[in-house]
Amino acid sequence: MDLLKEMSGTSTKPDVSFYGTVVWGLCEQNKLEEAKALVGEMKKCGIEANHIIYTALIDAYFKRGNESEALKLLEQMQDLRIVPTVVTYCALIDGLCKSGLIDKVSYFFKRMSDMGLQPNVLVYTALIDGLCRNNCLEEAEKLFDEMLIKRMAPDRAAYTSLMDGNLKHGKLHEAFSLRDKMVEIGFELDLPIYGSLIWGLCKVGQVQEARNLLSEMIEKGVFPDEAVYLCIINKYHDLGYMTEANELRNEMIKRGLVNGNKDSVESNVRT
DNA sequence: ATAGGGTTAG
């Protein structure tokens, strides 16, 4: 904003790409009202905002949890005949999924195709993740297969989302075969993957298997975090394995996984 | 100048 004021005194006239950079910067700083105001200012100068500016704003409003404003901006974009891109739809679909507005998502997904935009891996993953979180595992699986049919290569995030969805639905066998596929493809198993598997195993009471996976990840050099430990420790408590619980707690503390101070860990572990 | 990858008890 200061930069703009400075420029108004000079002969240089800011163009759309200059405004875009400023809007983007304001979004990064979470100054969304200022960013939106700038779009109005642009208009007064006879410069129309473009799809990149609108996409950045829509994404930022969703991330702030203001989905109604984000949808308003999308409408505005449409009124101004600014053509959305795959990136716009990705922000939109992901935003809707994460705001729990899953029922609006299939409409936009369809509209996207109607516009001739091809959903890419990021769009599919956002949708798969949203469906898995909203109890629509079958839909998610269908989309995953659709990706394969289209010869798109689902990446680690896509696999992880579907695997996690299966775990949340207690389908351990499917989850582990997805893990095997990831290994086959050559993806390194990372903390979110191990964390998700361990959580899923604990949920169904297979705490020993969870414990084995913890050992496995450490062996492979994947550093477990506090949540992974607490997941197993708390399950040990539930099942009455107090010795194992304490042992693991000590191991966690020894590893310095205290994330700040010891009190915070103590308060998170059920006693 | 734009886009994602969860924290997970009950």
Side-chain angles (χ1 to χ4, degrees), chain A residues 14-28 35 38-39 42 49-63 70 73 77 82-98 112 117 119-134 140 154-170 175 178 182 187-205 207 210 224-239 245 257 259 264-265 267-271:
Chain A
D15 61 359
V16 66
S17 75
F18 177 81
Y19 275 111
T21 309
V22 180
V23 168
W24 187 77
L26 289 169
C27 286
E28 282 265 279
L38 197 52
V39 173
M42 286 172 72
N50 61 14
H51 62 98
I52 297 174
I53 290 174
Y54 271 97
T55 302
L57 279 170
I58 289 168
D59 188 47
Y61 271 106
F62 268 122
K63 291 207 167 92
L73 283 159
M77 208 177 163
I82 300 168
V83 183
T85 64
V86 176
V87 181
T88 315
Y89 274 98
C90 191
L92 174 65
I93 288 171
D94 196 44
L96 289 171
C97 285
K98 295 203 165 114
M112 183 181 173
L117 290 171
N120 61 19
V121 176
L122 270 71
V123 174
Y124 271 110
T125 304
L127 199 45
I128 287 168
D129 196 58
L131 289 166
C132 284
R133 284 170 204 284
N134 287 277
D155 60 11
R156 197 209 308 257
Y159 273 99
T160 305
S161 287
L162 190 63
M163 188 194 75
D164 190 62
N166 274 290
L167 289 164
K168 287 206 162 62
H169 288 77
L178 282 165
M182 280 193 267
F187 292 149
E188 302 262 318
L189 303 186
D190 59 6
L191 177 61
I193 293 171
Y194 275 113
S196 179
L197 288 167
I198 287 170
W199 180 86
L201 286 167
C202 285
K203 195 177 171 235
V204 296
V207 67
D225 64 357
E226 194 185 347
V228 167
Y229 272 104
L230 291 177
C231 190
I232 304 177
I233 291 168
N234 286 331
K235 198 67 197 178
Y236 271 145
H237 268 284
D238 286 348
L239 300 174
L257 276 179
N259 213 13
S264 71
V265 174
S267 62
N268 282 332
V269 179
R270 284 200 302 276
T271 45

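Labels below follow one simple rule: chain letters A, B, ... track the order of the sequence lines, proteins then strands, and each chain is numbered from 1. Keep in mind that this is a model prediction, so the values were computed, not measured.
- Between atom SG of residue A:Cys231 and atom CD1 of residue A:Ile198 there is a gap of 7.5 Å, rounded to the nearest 0.5 Å.
- Distance CG (A:Leu167) to P (B:dT7): 15 Å, rounded to an integer number of Å.
- Nucleic acid contact class of A:Ile193 (heavy atoms, under 4.0 Å, all strands): base.
- Base contact: A:Gly195 has a heavy atom under 4.0 Å from a base atom.
- Between the CG atom of A:Leu191 and the P atom of B:dG4 there is a distance of 20 Å, rounded to whole Å.
- Side chains of A:Arg156 and A:Ile193 form a contact here, defined as non-hydrogen atoms less than 4.5 Å apart.
- Contact check, A:Lys63 against B:dG4: a side-chain N or O comes under 4.0 Å of OP1 or OP2.
- Spacing between atom CD1 of A:Ile233 and atom P of B:dG10 amounts to 15 Å, rounded to whole angstrom units.
- For the pair A:Lys168 and A:Trp199, the cation-pi test (distance below 6.0 Å, angle within 45°) is passed.
- Rounded to the nearest 0.5 angstrom, A:Ile52 CD1 and A:Thr85 OG1 are separated by 8.0 Å.
- The residue A:Asp190 sits apart from the nucleic acid: no heavy atom pair falls under 4.0 Å.
- No engagement by A:Thr88 is indicated, since no non-hydrogen atom pair under 4.0 Å with the nucleic acid exists.
- Set against B:dA3, B:dG4, B:dA1, the side chain of A:Thr125 has B:dG4 as its closest nucleotide.
- One can find a donor-acceptor pair under 3.5 Å joining the base of B:dA3 and the side-chain atoms of A:Asn120.
- For the pair A:Asp94 (side chain) and A:Cys90 (backbone), a donor-acceptor distance under 3.5 Å is absent.
- Counting to the nearest Å, the P atom of B:dA1 and the CG atom of A:Asp59 are 17 Å from each other.
- In this structure, A:Asn234 places its CG atom 17 Å from P of B:dT7, rounding to the nearest Å.
- Evaluation of atom-type donor-acceptor distances gives no pair under 3.5 Å for the side chain of A:Asp129 against the base of B:dG4.
- As rounded to whole Å, 18 Å separates atom C1' of B:dG4 from atom CD1 of A:Ile58.
- Closest to the side chain of A:Ala227, out of B:dT7, B:dG10, B:dA1, is B:dT7.
- Among the atoms of the strands shown, base atoms are found under 4.0 Å from some heavy atom of A:Asn50.
- Distance OH (A:Tyr124) to P (B:dG4): 19 Å, rounded to an integer number of Å.
- Atom CG of A:Leu127 and atom P of B:dG4 are 15 Å apart (whole Å).
- For A:Val16, whose side chain is taken as the heavy atoms from C-beta onward, the closest listed nucleotide among B:dT7, B:dG4, B:dA1 is B:dA1.
- Taking CG from A:Leu122 and CG from A:Leu127, the interatomic distance works out to 12.0 Å, rounded to the nearest 0.5 Å.
- Distances from the side chain of A:Val87 to the nucleotides B:dG4, B:dA3, B:dG10 place B:dA3 closest.
- Counting non-hydrogen atoms under 4.0 angstrom, A:Trp24 reaches the backbone sugars and phosphates but no base.
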